[in-house]
Amino acid sequence: MNFLFSAVEYGYRDIPTVFRELFSAFRDFGPRDAVDILFLSALLFLTFRFIRGRKAGALLMGIAVCVVVWFVSFIFRLQAINYVFSGIFKIGAIAVVIIFQPEIRDALEKLGSGSMSGIMLMSDQKKKRQLYYNAVQQVCLAVGDLAKTKTGALIVIERTTKLDDVIQTGVTINADVNSFLLRNLFFNKAPLHDGAVVIDSGRIAAAGCLLPLTRRSDIDSDLGTRHRAAIGLSETSDAITVVVSEETGIISVAYDCTLTRNYTPDSLRRFLNEKLLHSKSDADN
């Protein structure tokens, strides 16, 4: 970055000096610098993916605009603007931590849970795979019947992010996933039908659970509380949430901060098999 500060110092009056600094910077470029840039690029990309679709994305864009304004004022020696923004950026680190506290916490939770996802014995993997396979079949059977009768439903399938705090808000079930049980839980006169059912490790862990509502303001106004809760959970975890609309019977899926709609039981089965079993061949069977 020396060539950039040289341009500021000389006010672009000594252009050859700037080019010499630029050439010197690239002349000393080595494998270590390439690895450094590669890791930094990957970190920035993952950060962008994480904040995409969140309210924090708009805040980050606002901060970026402030940085650009401050940088321009620094180059063109606009003393008043430079003075104001310099004072703002002195406390910028603390402000960023306060503003982005929910997003920072969510990112650390995903990082911590994801880092342990691959540490499993082969036998445990096979058992868990069979449980998830059964869960997918039963969920799709239940969702198909619930959609036909326009019975509202909210089914959360846990992946690597632990949902213990969500499970604690509901009633413990601890049972194998069964389409008849799911349909009974969401029967409109059942006491737990308004909450979410959480499936953990291929088993129904709890029912009547409360999910965090999304903080986004760009959600379709036609979507109800179930859909907003499903999107909210997808913003804080890697869980897959299946929603059946009580008004239309439309099947939707919230995953990775995105809500996709108009699934059929078959297309839902293909999606869940691919995401949970990591196998497109299973999804086609």
Side-chain angles (χ1 to χ4, degrees), residues 102 105-106 109 113 131-132 134-216 219-261 263 265 268 271-272 275-276:
R105 177 182 174 181
D106 297 342
E109 286 180 350
S113 60
L131 286 172
Y132 270 117
N134 174 72
V136 168
Q137 308 308 312
Q138 296 299 316
V139 165
C140 292
L141 285 174
V143 165
D145 291 335
L146 293 168
K148 290 178 182 178
T149 58
K150 294 184 179 180
T151 302
L154 193 58
I155 303 173
V156 178
I157 303 177
E158 181 182 286
R159 298 180 73 222
T160 61
T161 305
K162 300 302 293 180
L163 301 176
D164 292 349
D165 53 338
V166 173
I167 292 173
Q168 289 173 3
T169 64
V171 177
T172 301
I173 301 296
N174 191 24
D176 291 335
V177 181
N178 184 282
S179 62
F180 297 106
L181 176 57
L182 289 173
R183 287 160 54 190
N184 284 335
L185 288 172
F186 289 113
F187 178 61
N188 58 12
K189 297 186 183 301
L192 301 177
H193 78 279
D194 277 335
V197 166
V198 178
I199 296 176
D200 176 13
S201 299
R203 290 173 58 83
I204 299 177
C209 300
L210 303 178
L211 305 185
L213 296 179
T214 179
R215 298 185 292 270
R216 290 166 54 183
I219 302 299
D220 190 341
S221 59
D222 293 335
L223 298 179
T225 304
R226 284 190 179 91
H227 295 85
R228 294 176 181 273
I231 298 172
L233 186 65
S234 74
E235 294 173 344
T236 59
S237 73
D238 64 349
I240 298 174
T241 305
V242 181
V243 188
V244 178
S245 172
E246 190 173 9
E247 289 76 20
T248 63
I250 292 176
I251 303 171
S252 305
V253 172
Y255 172 70
D256 194 20
C257 306
T258 304
L259 182 74
T260 51
R261 311 189 69 189
Y263 281 85
L268 177 63
F271 176 84
L272 294 178
K275 296 300 181 182
L276 298 173

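Since the structure is predicted, the reported quantities are computational estimates derived from the model, not experimental observations.
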- Task: Tell me, with the steps shown, if Thr241 and Val253 meet side-chain contact (heavy atoms from CB on, under 4.5 Å).
- Result: CA-CA 6 Å; Thr241 305; Val253 172; over 6 Å; no
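- Once rounded to the nearest 0.5 Å, the distance linking CG of Leu276 with CG of Leu131 reads 12.0 Å.
- Here the shortest heavy-atom pairing between Leu185 and Ala190 reads O-CB, 3.8 Å.
- Between Asp238 and Asp256, every side-chain heavy-atom pair lies at or beyond the 4.5 Å cut-off.
- Atom CG of Leu259 is separated from atom CZ of Arg216 by 9.0 Å, given to the nearest 0.5 angstrom.
- Within the structure, the side chain to side chain donor-acceptor pair (under 3.5 Å) test picks out the following pairs touching residues 186-206 (sequence neighbours left out): Asn174-Arg203, Asp176-Arg203.
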- Check against side-chain hydrogen bond (donor to acceptor under 3.5 Å, both in side chains), Tyr255 and Arg159: CA-CA 11 Å; Tyr255 172 70; Arg159 298 180 73 222; 3.1 Å; yes
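- Separation of atoms CD1 (Ile167) and CD1 (Ile173) is listed at 11.5 Å; rounding is to 0.5 Å.
- Nearest heavy-atom pair, Gly144 versus Pro265, reported as atom, atom and distance to 0.1 Å: CA-CG, 3.7 Å.
- For the atom pair OG1 (Thr169) and CG (Leu210), the distance works out to 4.5 Å, reported to the nearest 0.5 Å.
- Closest heavy-atom contact between Val177 and Gln138: O-CG, 3.3 Å.
- Remark: Glu235 does not engage Arg215 in a salt bridge, criterion side-chain N to carboxylate O under 4.0 Å.
- Residue Thr172 holds its OG1 atom at 9.0 Å from CD of Gln168, rounded to the nearest 0.5 Å.
- In this structure, Leu211 and Val166 have side chains that are in contact, with non-hydrogen atoms separated by less than 4.5 Å.
- In this structure, the side chains of Val244 and Thr151 stay at 4.5 Å or more apart for every pair of heavy atoms.
- Within the 4.5 Å cutoff, no side-chain heavy atoms of Thr248 are placed close to those of Lys150.
- Taking Arg228 as the reference, nothing meets the salt bridge (charged side-chain N to carboxylate O under 4.0 Å, His left out) condition, with sequence neighbours excluded.
- Looking at heavy atoms from C-beta onward, Val197 lies in side-chain contact with Phe186 at the 4.5 angstrom threshold.
- Here the closest heavy-atom approach between residue His227 and residue Ser245 is recorded as CE1-CB, 4.0 Å.
- Leu163 CG to Ile157 CD1: the interatomic distance, rounded to the nearest 0.5 Å, is 11.5 Å.
- The two residues Ser234 and Ala254 make their nearest non-hydrogen contact at CB-C, 4.2 Å.
- Applying the ring pair (Phe, Tyr, Trp, His ring centres under 6.0 Å) criterion to Tyr263, with sequence neighbours excluded, gives Phe271.
- Residues Val156 and Ile199 fail the side-chain proximity criterion, which asks for heavy atoms closer than 4.5 Å.
- Residues Ile204 and Leu182 meet the side-chain proximity criterion, which asks for heavy atoms closer than 4.5 Å.
- Within the 4.5 Å cutoff, no side-chain heavy atoms of Val242 are placed close to those of Ser252.
- Looking at Glu158, its side chain never comes within 3.5 Å of a backbone N or O of Ala239 through a donor-acceptor pair.
- Distance alone, capped at 3.5 Å, is enough to place a donor-acceptor pair between the Thr149 side chain and the Leu146 backbone.
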